[in-house]
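To keep things clear, I will list the structure first and then write my remarks on it.
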Amino acid sequence: MTKFSVLDLAPINEGGTAGESLRNSGDLAQHCERFGYHRFWMAEHHNMTGIASAATAVALGYIASQTKSIRVGAGGIMLPNHAPLITAEQFGTLAALYPGRVDLGLGRAPGTDQATLRALRRAPESAESFPQDVQELMMYLDDPKPGQKIQAVPGAGSKVPVWILGSSLFGAQLAAHLGLPYAFASHFAPDYLQVALQAYHQNFKPSKYLDKPYTMAAVNVFAADTEAAAKYMKSSMQLQFIALRQGNPGPLTAPVENIESHVDPSALAAANHALKYTATGTPEQTHAYLRNFIAATAVNEVMLTCHAFDHQARIRSLEIAAELIN
């Protein structure tokens with residue numbers, strides 16, 4: 001049976017604060033746990049005034065403290081921004097506090113712009129060592145070898161499950177080579193979904209971590225009791241995506257009626273293409289979309305994200321989608 005999970009982008013609303021955003025994330029995680037979702041992930045972004053999860057490990061510590069059983073994790077940590085040892089210590093600490101509940105998804109993108117990349121002290125070529133850094137990190141999370149001089153404390157022996165995240169063929173091929181589970185960012189990068197999944201399955205090598213391929217793909221969901229309400233909710237994300245593409249990232253703005261009358265048609269078309277994998281509509285429409293997506297991709301797990309302005313509408317959207325879980 002396909003599992004369902006949630007990616008929370010911790011949206012900071014226009015006129016709101018990061019504190020409100022993170023507390024909303026904690027509340028959302030509690031609801032998702034009750035709805036039956038398998039995981040609750042957050043993602044690393046920097047210098048984005050509309051997203052509050054930059055310090056992802058810290059935010060996940062709060063989420064884990066507010067829940068009891070749902071898995072919590074990063075979707076993901078942009079590993080070239082960090083020393084593998086530091087990441088192992090951070091997620092080893094989470095695993096020590098919340099054993100059996102922590103995941104670590106790894107990506108190689110900066111999660112920000114070029115100027116912020118320099119502020120992170122990240123070298124332009126740092127992504128080139130991503131495969132080696134992933135293996136070094138997994139070494140720190142594994143049982144220490146005899147004579148191993150450097151250990152992650154906490155972290156050593158925690159065996160936190162590691163995922164490879166991607167939006168192209170690179171991550172798919174790396175995950176397959178290392179025998180790790182693979183998650184595709186189809187909620188904003190739809191173009192390579194099918195070819196990446198195919199490459200992963202064709203090249204997968206069983207490992208001590210995984211004996212057969214395991215895939216996840218992300219889908220935006222804007223579900224409401226009426227189609228009009230769902231489209232209205234979705235407009236906030238469309239507006240934010242357009243602003244981001246135009247070099248004007250900012251807080252999540254309030255939704256608008258008839259978004260077509262508010263933005264340039266070409267900009268809206270580009271945003272809608274990026275958001276191609278989005279379930280929008282009534283419960284029936286949402287459920288049909290998700291069933292068709294699963295049939296078309298054969299993924300083991302679907303990760304839903306709802307980047308909505310109204311917190312209660314976001315909860316309701318994920319509640320509607322969760323009706324497929326049982």
Side-chain angles (χ1 to χ4, degrees), residues 4-37 40-43 45 48-54 59 62-63 66-67 70 75 187-188 218-244 248-263 268 271-272 274-275 277-287 289-290 302-325:
F4 286 85
S5 295
V6 169
L7 171 65
D8 175 41
L9 296 177
I12 302 175
N13 286 348
E14 193 170 46
T17 67
E20 291 169 350
S21 169
L22 292 167
R23 285 187 286 274
N24 282 342
S25 292
D27 181 62
L28 183 67
Q30 291 175 345
H31 280 87
C32 289
E33 186 171 73
R34 289 196 291 272
F35 296 157
Y37 284 102
F40 190 94
W41 281 8
M42 304 183 84
H45 295 276
M48 297 188 70
T49 55
I51 296 178
S53 53
Y62 172 68
I63 297 301
Q66 299 298 299
T67 53
I70 194 169
H187 60 303
F188 71 87
V219 175
N220 302 291
V221 60
F222 298 98
D225 295 316
T226 68
E227 186 176 0
K231 290 180 177 178
Y232 178 70
M233 180 179 16
K234 177 183 176 180
S235 66
S236 290
M237 186 176 191
Q238 291 169 303
L239 290 169
Q240 190 179 53
F241 209 92
I242 291 169
L244 179 63
N248 300 307
L252 190 65
T253 58
V256 296
E257 301 282 359
N258 301 317
I259 188 172
E260 295 83 2
S261 65
H262 292 267
V263 296
L268 181 59
N272 287 340
L275 304 176
Y277 292 114
T278 299
T280 308
T282 63
E284 293 77 15
Q285 290 170 319
T286 300
H287 299 160
Y289 184 96
L290 293 174
V302 175
M303 180 153 275
L304 302 177
T305 184
C306 181
H307 206 55
F309 186 85
D310 183 271
H311 181 57
Q312 295 304 318
R314 190 160 59 130
I315 292 171
R316 176 61 179 147
S317 180
L318 290 168
E319 180 182 26
I320 290 171
E323 293 169 3
L324 284 177
I325 293 175

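- Note: F35 and Y37 have perpendicular aromatic rings, judged against thresholds of 30 and 60 degrees for the angle between ring planes.
- Closest of all the heavy-atom pairs between F40 and I70 is CB-CD1, 3.9 Å.
- Interatomic distance, NE2 of H287 versus CG of L324, reported as 4.5 Å (0.5 Å rounding).
- Between the side chain of S235 and the backbone N or O of P255, no donor-acceptor pair lies under 3.5 Å.
- For the residue pair P11 and H307, the shortest heavy atom distance occurs at CB-CE1, 3.3 Å.
- A distance-only check finds a donor-acceptor pair linking the side chain of S53 to the backbone of A43 [under 3.5 Å].
- Partners of Y277 according to the ring pair (Phe, Tyr, Trp, His ring centres under 6.0 Å) rule, which considers only residues two or more places apart in sequence or in another chain, are F293.
- The list of side chain to side chain donor-acceptor pair (under 3.5 Å) pairs with a residue in residues 13-26, not counting sequence neighbours, reads D8-S25.
- With values rounded to the nearest 0.5 angstrom, H187 atom NE2 is found 9.5 Å from T278 atom OG1.
- With rounding to the nearest 0.5 angstrom, the CD1 atom of I259 is 11.5 Å from the CE atom of M237.
- Between the side chain of Y289 and the backbone N or O of T280, no donor-acceptor pair lies under 3.5 Å.
- For Q66 (side chain) and Q30 (main-chain N/O), no donor-acceptor pair under 3.5 Å exists by modelled atom type.
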Please report the C-alpha distance between M233 and D310 in whole Å, then the side-chain angles of each, then the deciding distance to 0.1 Å, and finally whether the side-chain contact (heavy atoms from CB on, under 4.5 Å) criterion is met. CA-CA 8 Å; M233 180 179 16; D310 183 271; over 6 Å; no
Assess whether side-chain contact (heavy atoms from CB on, under 4.5 Å) is satisfied between M48 and L244, documenting all intermediate values. CA-CA 9 Å; M48 297 188 70; L244 179 63; 3.9 Å; yes
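- The two residues L252 and S236 come nearest to each other via the heavy atoms CD1-O, 3.6 Å.
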